[in-house]
Amino acid sequence: MANTPQVAVSDARKEIGKLIDAAHYAGQHTILAKNDEPRAVLVPYRWYIEARNRPV
């Protein structure tokens, strides 16, 4: 995803509700970074379930 925003974990803590709503309602993926290193990605639950069920 070319326009995937990256958010520092410390900032994500303050905005977690907003980030969750963006994932759920707008389908936004968000990279969570610690010390400028990507550590995790917040994705919409529906996307996660579909990705998990895809054959490999």
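Heavy atoms only: backbone and side chains are in, while hydrogens, waters and symmetry mates are out.
- With sequence neighbours excluded, no residue satisfies side-chain hydrogen bond (donor to acceptor under 3.5 Å, both in side chains) with Arg39.
- Arg54 meets the salt bridge (charged side-chain N to carboxylate O under 4.0 Å, His left out) test with no other residue; sequence neighbours excluded.
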Side-chain polar contacts of residues 7-21 - donor-acceptor pairs under 3.5 angstrom, sequence neighbours left out - could you list them?
none

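- Ile31 shares a hydrophobic cluster with Val41, Val43, Tyr45, Trp47, Tyr48, Ile49; the chain of contacts runs through ILVMFWY side chains whose heavy atoms sit under 4.5 Å apart.
- Within 6.0 Å of CG in Asp36 there are 12 or fewer heavy atoms belonging to other residues, nucleotides or ligands.
- Note that NE2 of His29 is 15.5 Å distant from CD of Gln6, once rounded to the nearest 0.5 Å.
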